[in-house]
Each structure stands twice: as C-alpha cells, then as structure tokens.
Amino acid sequence: MKQEHRLLVINPGSTSTKIAVYEGESPLIEKKLEHSPEELNKFQDIIDQYDFRKDSILNFLDEQGMNFNKLDAVVARGGLLKPISGGTFKVNDLMVEHLRQGYQGEHASNLGGIIAKEISNQLDIPAYIVDPVVVDELQDIARISGFEPIERKSIFHALNHKAVARKAAAQLGKKYEEANLVVVHLGGGISVGAHNCGDVIDVNNALDGEGPFSPERSGGLPNGDLVRYIDEHNLTWKELKRQLVGNGGLVSYLDTNDGKKVQEMIQSGDEKAEKVYEAMIYQIAKEIGSCAVVLKGELDAIVLTGGLAHDEYLVSRMKEYIKFLGEILVFPGEDEMQSLAEGGLRVLRNEETPKDYS
Ligand SMILES: Nc1ncnc2c1ncn2[C@@H]1O[C@H](COP(=O)(O)OP(=O)(O)OP(=O)(O)O)[C@@H](O)[C@H]1O
Ligand SMILES: CCCC(=O)O
C-alpha cells in the first residue's frame with residue numbers, strides 16, 4: 001500500500017504557536033501552545049522569540065515521542081515578505097533573510113518559515129510556506145491611497161480567507177475561480193476582502209491601520225488626531241505600533257482581547273462593553289459594504305469566519321446591518337492547519353509546482 005506523506009505543520013500566532021503532524025489529510029497530532037503575555041513580553045521584538053518558539057515546538061514533539069525521520073516536509077504559515085501571489089512557496093535563503101529582517105514589518109508568522117527551514121535543514125527535507133499574509137492580488141486602482149508617496153498594501157489573513165472562500169464556493173455549487181465573495185476574517189485582527197473570481201482584489205491592511213478595529217488592532221484612525229497624539233506623547237514608530245497593533249481595539253477600551261469575556265461583560269450589564277462591541281460590529285459592517293461596492297453589488301455571498309464568528313450575538317447583530325446585501329455564510333474558527341497541510345500535500349503529490357521566492 002502506498003505510504004501517505006507525513007508533514008510537520010507550524011503556525012505561530014500572536015498569542016500561540018499551533019503545531020500539527022499530518023499523514024495525508026489526517027492530523028496525527030494537534031496542539032495549540034498558548035503563550036502568556038508575561039512569557040512574550042520578555043522579548044523586545046518578535047524575532048527575539050525565535051529560540052523560545054522553536055524550543056517549545058521541539059520539546060512538545062519530543063514529549064510525544066515524535067520520530068522526525070518519518071517526516072517528508074515541514075510546512076509553515078509565512079510572514080511579512082515581499083508582496084507575492086497565492087500558493088505554496090519553497091522556503092529558500094532569501095526568504096529566511098527577509099523573514100528575519102521583517103521585510104514589511106514584524107508579525108508572529110515571520111517565525112514560521114524560519115523555524116520550518118531550520119528543522120527541515122537538519123532532516124534534509126523541504127520546507128514550504130502557503131498563502132502568507134502578504135498575498136497580493138489587489139486590482140491596480142485599489143493601490144492608490146490618496147497621497148502619492150504612500151501606496152496601499154495587501155496584508156491580511158490570506159490563508160484562512162482562501163481556504164474558507166473555497167469551502168463557501170463549493171457550498172454554493174461554484175468553483176472559487178467563478179465566485180464573487182466578501183470574506184470577513186474575525187480574529188485578533190480583522191480583514192475584510194473582496195474576492196473576485198479567485199483574486200482578492202481589495203482588502204483592508206489589517207496590520208497597518210486600515211478598516212475596522214478588532215480585538216487587538218485599532219483599525220483606521222483620524223489622521224490629524226493620530227499625528228497630534230504621536231507628537232504629544234513623543235512616540236517612536238515602534239512604541240506606536242505596540243499601542244495600536246497589540247493593544248488597540250477592544251484591548252484599548254475594555255482591557256481584554258477575548259470576545260468571550262466581552263460577551264460576559266455585556267451579559268452582566270456593562271454598558272461600555274456593549275457600546276464598544278457594537279461599534280466594532282458597525283465598523284466591520286461598513287467595511288463589508290465597501291467590499292460589496294468593489295464587487296459592484298454582484299456577490300454570491302458574504303462569508304464570516306475566524307474566532308469571533310463563534311459568537312452568535314455578534315453574528316446576529318452583524319446580520320442586521322448586512323442582510324440586505326444577500327446570502328450570509330458562517331464558518332466559525334479557522335482551518336489554517338488543514339490548509340497548510342493541504343498546500344504542502346499538493347506539492348508533494350506533484351499536483352502543484354512550488355513557487356520560487358526571488
Ligand atoms: N465562542 C466565542 N465567542 C466569542 N468570541 C470568541 C469565541 N471563540 C473565540 N472567540 C474570540 O475570537 C478571537 C480570536 O479569534 P482567532 O482565534 O481567529 O484569532 P487569532 O488566531 O488569535 O488571531 P488572527 O486570526 O488575527 O491571526 C478572540 O477575541 C477570541 O476570544
Ligand atoms: C494577518 C495580518 C493581519 C493581522 O495580523 O491582523
């Protein structure tokens with residue numbers, strides 16, 4: 001009988017590192033290693049977490065009695081590289097260099113490709129990344145910001161967007177390449193993308209202050225007031241990022257990034273929590289409306305996904321705003337580990353040629 005390919009899958013997120021071992025499409029081991037703020041705050045920059053994250057992964061796999069020699073590849077979630085098209089990329093030295101330097105900035109997923117490459121080098125097997133956060137399929141007009149020195153960028157939860165969009169299209173009896181969808185990833189960050197026949201032609205840069213606020217991100221802010229705030233507080237770029245990206249949004253107003261906690265606050269009559277949560281839903285709904293306009297109203301469905309899509313209160317409040325736009329499909333949570341494994345398998349099975357990062 002033909003042996004299925006075995007893959008190690010690594011997905012470093014802002015507060016956790018998800019690990020899995022797949023045999024074909026089936027997970028043999030799955031683990032989410034949670035990292036407390038106390039653990040992570042010890043590190044100045046995300047890249048400084050490299051040894052800590054790698055050791056956490058290797059220690060866990062050792063505890064599981066993992067036989068590394070049976071692996072065929074390591075697949076990881078990739079980070080803030082140069083803008084690239086979607087698909088599976090082989091991790092090469094240039095990619096590792098760009099992930100280390102944070103070519104387009106800092107993000108936990110920068111660590112994915114670097115750790116994957118190191119483990120794969122030791123085992124003499126390939127390392128891949130799939131649909132990294134810099135997948136760029138923007139239509140040209142969407143690149144224009146309104147101020148010439150600054151161009152809009154595509155930075156979003158591409159892996160989950162693409163995976164869920166394919167599922168939604170299948171549910172609608174269409175190929176992804178034939179469907180028009182507005183996909184809404186509701187995680188620690190929130191990205192809302194207009195998917196036009198297989199390409200994400202416009203999306204808010206979820207990491208860099210575009211679009212709605214989210215559990216951890218401020219989203220777009222009034223420019224003038226932001227500049228005054230930086231000036232008054234004498235902030236460096238790094239200090240500002242720390243406030244707006246990790247400590248913006250719900251964290252800034254309610255001191256938590258946890259949607260379930262916010263729900264508890266609302267249920268116990270906390271009026272501020274209710275108002276702020278409603279404002280987040282309102283901003284997301286506005287962004288969905290923008291994407292519906294980008295698609296000129298010709299959309300097959302709006303697709304809600306990510307952790308917050310588990311929250312029935314949020315989903316029903318959201319529907320009040322957007323139901324006039326058409327069908328709404330909900331895929332709570334994310335399927336990133338499975339999507340990473342599938343991206344690696346397509347290459348190992350010679351169904352797809354891995355792309356070269358150059
Ligand atoms: N049942 C639920 N009710 C309300 N909120 C929930 C529920 N389950 C998860 N969440 C919230 O979803 C958010 C996290 O979503 P998710 O796990 O998709 O994000 P992440 O992976 O941490 O970050 P990102 O997706 O931005 O990379 C948190 O605010 C979490 O509390
Ligand atoms: C995936 C990039 C956007 C974010 O982390 O919010």
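Both counts, for ligands and for their atoms, begin at 1 and track the order of listing.
- Checked by atom type, the side-chain pair Ser191/His185 shows no donor-acceptor distance below 3.5 Å.
- The closest protein non-hydrogen atom to atom 2 (C) of ligand 2 is His107 NE2, 3.7 Å.
- Nearest non-hydrogen protein atom to atom 21 (O) of ligand 1 is Lys18 NZ, 3.9 Å.
- The closest approach between Glu216 and ligand 2 stays at or above 4.0 Å for every heavy atom of the residue.
- Looking only at protein heavy atoms, the nearest one to atom 6 (O) of ligand 2 is Arg217 NE, 2.9 Å.
- Residue, atom and distance of the protein heavy atom nearest to atom 10 (N) of ligand 1 are Gly307 O, 3.5 Å.
- For CG of Asp225, the number of neighbouring non-hydrogen atoms (other residues, nucleotides, ligands) closer than 6.0 Å is greater than 12.
- Which parts of ligand 1 touch Gly189 is read off a 4.0 Å heavy-atom cut-off, strictly below it: atoms 26 (O).
- For ligand 1, one of its N or O atoms has an N or O atom of Leu308 under 3.5 Å away.
- Within the 6.0 Å centre-distance limit, the rings of Phe52 and Phe43 are counted as a close aromatic pair.
- For atom 30 (C) of ligand 1, the closest non-hydrogen atom of the protein is Gly259 N, 3.8 Å.
- Taking His195 as the reference, His161, Tyr176 meet the ring-ring contact (aromatic ring centres under 6.0 Å, His included) condition, with sequence neighbours excluded.
- When the shell of 6.0 Å around CD of Glu177 is examined, it contains more than 12 heavy atoms from other residues, nucleotides or ligands.
- For Asp258, a nitrogen or oxygen atom sits less than 3.5 Å from a nitrogen or oxygen atom of ligand 1, counting backbone and side chain alike.
- At a threshold of 4.5 Å between non-hydrogen side-chain atoms, the residues Ile190 and Ile284 count as touching.
- Cation-pi contact between Arg100 and Tyr50: present, with separation from the ring centre below 6.0 Å and deviation from the ring axis of at most 45°.
- Heavy-atom contacts of His310 reach the following atoms of ligand 1: 1 (N), 2 (C), 7 (C), 8 (N) (cutoff under 4.0 Å).
- Checked against a 3.5 angstrom limit, the closest N/O atoms of Arg77 and ligand 2 fall outside it.
- Under a cut-off of 6.0 angstrom, the local environment of NZ in Lys241 is crowded, with over 12 non-hydrogen atoms contributed by other residues, nucleotides or ligands.
- Each of the following atoms of ligand 1 lies closer than 4.0 Å to a heavy atom of Gly187: 15 (O), 16 (P), 18 (O), 19 (O), 25 (O), 26 (O).
- Using a cut-off of 4.0 Å between Lys/Arg side-chain N and Asp/Glu carboxylate O, Lys260 and Glu312 are scored as not salt-bridged.
- Here is the list of ligand 2 atoms found below 4.0 Å of a heavy atom in Phe156: 1 (C).
- In summary, of the residues considered (Met337, Arg6, Glu4), a side chain to side chain contact (heavy atoms under 4.5 Å, CB included) with Tyr22 occurs for Met337 alone.
- Salt bridge annotation for Glu210-Lys153: absent, with no cationic side-chain nitrogen under 4.0 angstrom from a carboxylate oxygen.
- Glu216 does not count as a contact of ligand 1, since none of its heavy atoms falls under 4.0 Å from the ligand.
- The protein heavy atom nearest to atom 3 (N) of ligand 1 is Lys260 CG, 3.4 Å.
- The environment of CG in Asp62 is crowded: more than 12 heavy-atom neighbours from other residues, nucleotides or ligands sit within 6.0 Å.
- Within ligand 1, counting atoms from 1 as listed, the ones closer than 4.0 Å to a heavy atom of Asn257 are 28 (C), 29 (O).
- Checking Ser16, Gly13, Gly188 against atom 20 (P) of ligand 1, the nearest heavy atom belongs to Gly188.
- For ligand 2, the atoms lying closer than 4.0 Å to a non-hydrogen atom of Gly189 are 6 (O).
- Scanning the protein for heavy atoms near atom 25 (O) of ligand 1, the closest one is His185 NE2, 2.6 Å.
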Trace of the side chain to side chain donor-acceptor pair (under 3.5 Å) decision for Lys355 with Thr88 = CA-CA 6 Å; Lys355 296 182 179 172; Thr88 301; over 6 Å; no
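- Of the protein's non-hydrogen atoms, the one nearest atom 3 (C) of ligand 2 is Ala206 CB, 3.6 Å.
- At the shortest separation from atom 1 (C) of ligand 2 among protein heavy atoms lies Val133 CG1, 3.3 Å.
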